[in-house]
Every structure is written in structure tokens, then in C-alpha cells.
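All values derive from a computational prediction rather than experimental measurement. Indexing begins at 1, ligand by ligand and atom by atom, following the structure's order.
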Amino acid sequence: MRRSARITIHPEALQNNLKQAKIAAPHSKVNAVIKANAYGHGAVETAGILYQISDGFAVSCVPEALELRQAGIDLPITVLQGHQSVDDLRIAAAYQLRLVVHDDRQLSLLNQINLKSQQHFDLGIKIDTGMHRLGFAPERAETIYTQLKNHAQVNPDELIMMTHFSCADERKNNASQKQLETFANVCENIKAPKSIANSAGILEWQASHADWIRPGIMLYGSSPFADSHRDEHHLQAAMTLNAPVIAIHDLKKGDSIGYGASYQCPKKMRVATIACGYADGYPRHAATGTPVYINGQETTLLGRVSMDMIVIDVTDFKENPVAVGDTAELWGANLSVDKVAQSAETIAYELLCNAGNLCTRSGI
Ligand SMILES: *Cc1c(COP(=O)(O)O)cnc(C)c1O
């Protein structure tokens with residue numbers, strides 16, 4: 001199926017953004033987070049683009065890691081949710097995936113399997129310092145580290161201690177500082193590499209850089225902070241979402257637009273219908289006033305988002321009047337996805353994942 005809305009991925013932007021992560025954390029190795037199909041950008045494609053400049057990749061689950069290995073990606077791959085079954089363990093050993101172990105069930109699965117000689121597990125040990133999503137309680141860290149270090153099938157030189165921030169995107173929230181202190185305390189006697197920082201940690205909490213950083217959203221050119229813009233961090237948009245104008249209407253004062261007639265023209269207006277809607281990953285909750293870029297300027301969405309269409313204001317385009325067949329940019333280099341996300345009361349992560357997975361890719 002080929003719909004009109006298209007995403008384009010920008011390889012140089014992805015590479016630039018990873019380099020920005022390295023500049024921010026020059027002493028750390030980089031595990032580029034490409035889970036969820038690289039936030040919609042295409043996992044294999046993104047891994048290929050970043051292959052020369054990343055030290056490794058991180059994904060959520062074993063099938064995501066396997067897809068990368070089968071595509072020939074031979075850098076270290078970390079599986080952030082770890083194994084869920086004995087099958088996952090066998091695949092991890094065969095393909096040398098680093099599994100993040102975060103609960104007792106995973107420990108017991110590790111004891112149920114006998115690997116072929118030569119095979120071993122590379123592991124991460126996830127400590128819950130406050131997120132309460134995944135991880136062992138801090139007081140268990142040393143015991144579990146010792147247990148796994150001495151485990152016959154675990155490579156003792158390939159253990160990494162990990163934790164994850166809950167509030168790093170809020171610069172003034174001191175939860176991150178507390179999490180850093182908790183992690184430093186539990187790791188005091190553990191001589192293993194450490195990994196803490198997501199994008200917000202990389203850009204804001206230097207103490208979180210440690211041995212391996214885990215940049216996700218910043219690679220795709222979105223700021224991890226609600227109160228700042230990608231330009232402040234020298235990031236570039238890695239995805240553009242484009243769609244064509246398929247109709248133009250001249251409306252009079254009082255005419256309404258779209259479902260629920262939620263928008264009424266306050267004056268005579270020219271409007272354009274764009275072939276992109278929530279079926280293409282454009283957020284249905286985007287409000288009237290959400291920015292859209294077309295013919296060299298920003299304008300706004302009017303009325304509700306439909307399944308495959310939106311309507312935008314093209315009244316004030318004296319120099320470059322908008323015509324059927326012109327292309328609108330819903331987000332990309334000229335219009336930050338963060339702004340669109342804000343107008344839809346969501347985050348760029350969600351928009352990128354949805355559009356990436358629903359839209360046709362240009363060039364394919
Ligand atoms: C998704 C994820 C990241 C990346 O987070 P961003 O906010 O996208 O930088 C890092 N670490 C873990 C454990 C994650 O799940």
C-alpha cells in the first residue's frame with residue numbers, strides 16, 4: 001500500500017546527532033538506542049548509518065537484536081529488557097547479545113540452561129534507583145553482581161552495571177541527583193563498567209556519563225527537554241514527514257472546517273487539504289494552531305485531524321500561493337517535531353514511532 005504521506009530519513013542528521021552525544025560525553029562509549037524500529041526511523045537502516053561511529057546498539061528485546069545480527073550488524077548489542085525465555089537465552093548466546101538482567105525470574109532461567117562449550121553470556125545488571133519499572137532493589141546489587149560474576153556460563157569481564165533515570169528530562173527535578181547517589185553507593189565496591197545516561201542525562205547530568213551512554217531521542221534530532229529546542233543542542237531532524245496538498249478552498253466568514261465543525265472561520269480564508277492524518281501517524285490530538293510548514297513559511301492546522309487528512313490555513317501566502325500538488329512538511333528540518341508534539345500534548349517519541357511505522361518511506 002502506498003499512501004501519499006511520506007517519511008524521509010536523513011543519514012547525515014543521525015550521524016551529526018550521535019557525534020553531538022560524543023561531544024557532550026567525550027570519555028564514554030556510545031550505545032545508540034535503536035529500539036522500536038529506531039523510534040520509527042528503521043532499525044536496520046539506522047544501525048547501518050551509525051555503524052562506523054557507534055560503539056554498540058541497544059534495543060528492547062531479543063527479536064529486535066536478532067534482526068540486526070541477521071542484517072550483518074556485528075557491533076555489541078544490548079537487550080534492554082533482557083531475556084524472557086530459554087529460547088531468548090539460546091539466541092543471545094549464539095549471537096552474542098548482551099542481556100540486561102533485572103529480575104529473579106531471569107536469574108532462574110539462567111540456571112536452567114546449559115550452553116555449548118565456548119559459549120557464554122554477556123550481561124548487564126539493572127538496578128532500580130527510583131524508576132520502579134525494571135531493576136533489582138539497590139541493596140541486592142552486590143550480591144547479584146557477585147553471583148553472576150561467579151556464574152559458570154557468564155563472562156565475568158562482560159558485566160555492566162546499569163540504571164535508568166525517571167525524571168532526567170526535568171532539569172530542576174532533584175530526583176536525578178538522588179538516583180545518581182543511590183547508584184554510586186551501591187556500586188562502590190563493584191569494579192565493572194557502568195551505564196546510566198539517556199539523552200537528557202548526556203546533555204544535562206555530566207555525573208551520569210560513566211562508561212557507556214545510551215542516547216535515544218537525541219539521535220533523532222529531538223530535544224529530550226520540554227523547555228529547550230534541538231538547535232540549542234546542535235541536533236538535526238533525522239525524519240521529515242511530508243504530504244501533498246490535494247484540495248484548496250476559499251471560505252467565507254462563519255464557514256466551519258472538519259468533523260464536529262470545531263473551527264469556524266473568523267474571516268474570509270483560503271484553506272488547503274493535506275493528505276495526511278492519524279492513519280499516517282499524525283497525532284489526532286493536534287489542536288487548531290499546530291504548526292505546519294509549506295512553501296517557505298509556517299502556518300497552522302485548522303479544526304480536527306481526520307484519518308487521512310488535515311486542513312491548514314493558506315490565506316497569507318502572497319509570495320508563494322499554495323496550490324494543489326504542493327508539498328507540506330508536517331515536521332522535519334524546517335519544523336521541529338517537538339513543536340508539533342507540544343501542540344498535541346504528547347512527546348516527539350510517540351510521533352516519530354507512529355509515523356515511522358505507518359508511513360511510506362520515500363525512496364522505497
Ligand atoms: C529508551 C531508553 C533509553 C534512551 O532514552 P532517550 O530518552 O530516548 O534518550 C536509554 N536507556 C534505556 C534503559 C531506555 O529504555
Do you know the tightest heavy-atom contact between Asn17 and Tyr220?
ND2-C, 3.8 Å
Closest protein heavy atom to atom 9 (O) of ligand 1, given as residue, atom name and distance to 0.1 Å
Ser199 OG, 2.5 Å
For atom 11 (N) of ligand 1, what is the closest protein heavy atom, and at what distance to 0.1 Å?
Arg214 NE, 2.9 Å
Proximal atoms of ligand 1 relative to Gly216 (non-hydrogen, under 4.0 Å):
4 (C), 6 (P), 8 (O), 9 (O)
Among Tyr39, Tyr220, Phe165, which one has a heavy atom closest to atom 4 (C) of ligand 1?
Tyr39
Who's the nearest protein heavy-atom neighbour of atom 7 (O) of ligand 1, and how far?
Tyr349 OH, 2.7 Å
Electrostatic pair Arg270:Asp250 at N-O distance under 4.0 angstrom
yes
Hey, is Arg133 one of the residues with a heavy atom under 4.0 angstrom from ligand 1?
yes
Over 60° means perpendicular and under 30° means parallel, so tell me whether Phe225 and His233 are parallel, tilted or perpendicular.
tilted
Would you say the ring centroid of Tyr278 lies under 6.0 angstrom from that of His285?
no
Minimum-distance protein heavy atom relative to atom 15 (O) of ligand 1:
Lys35 NZ, 2.7 Å
protein heavy-atom neighbour closest to atom 5 (O) of ligand 1 works out as Asn198 CB, 3.5 Å
Just distances here: any N/O of Pro215 and N/O of ligand 1 closer than 3.5 Å?
no
So which heavy atom in the protein is nearest atom 12 (C) of ligand 1, and how far is it from that ligand atom?
His164 CE1, 3.3 Å
What I want to find out is whether Arg98 reaches Glu158 closely enough, with some N-O distance under 4.0 Å, to be called a salt bridge.
yes
Go through the steps to decide whether His102 and Phe136 satisfy the test ring-ring contact (aromatic ring centres under 6.0 Å, His included), and finish with yes or no.
CA-CA 6 Å; His102 55 82; Phe136 294 105; 7.5 Å; no
May I ask you to say whether Asp255 pairs ionically with Lys252, meaning some side-chain N is under 4.0 Å from a carboxylate O?
yes
Note: Asp338 and Ala348 closest approach over all heavy atoms is OD1-CB, 3.4 Å
Return yes or no for this condition: an N or O of Ile217 is under 3.5 Å from an N or O of ligand 1.
yes
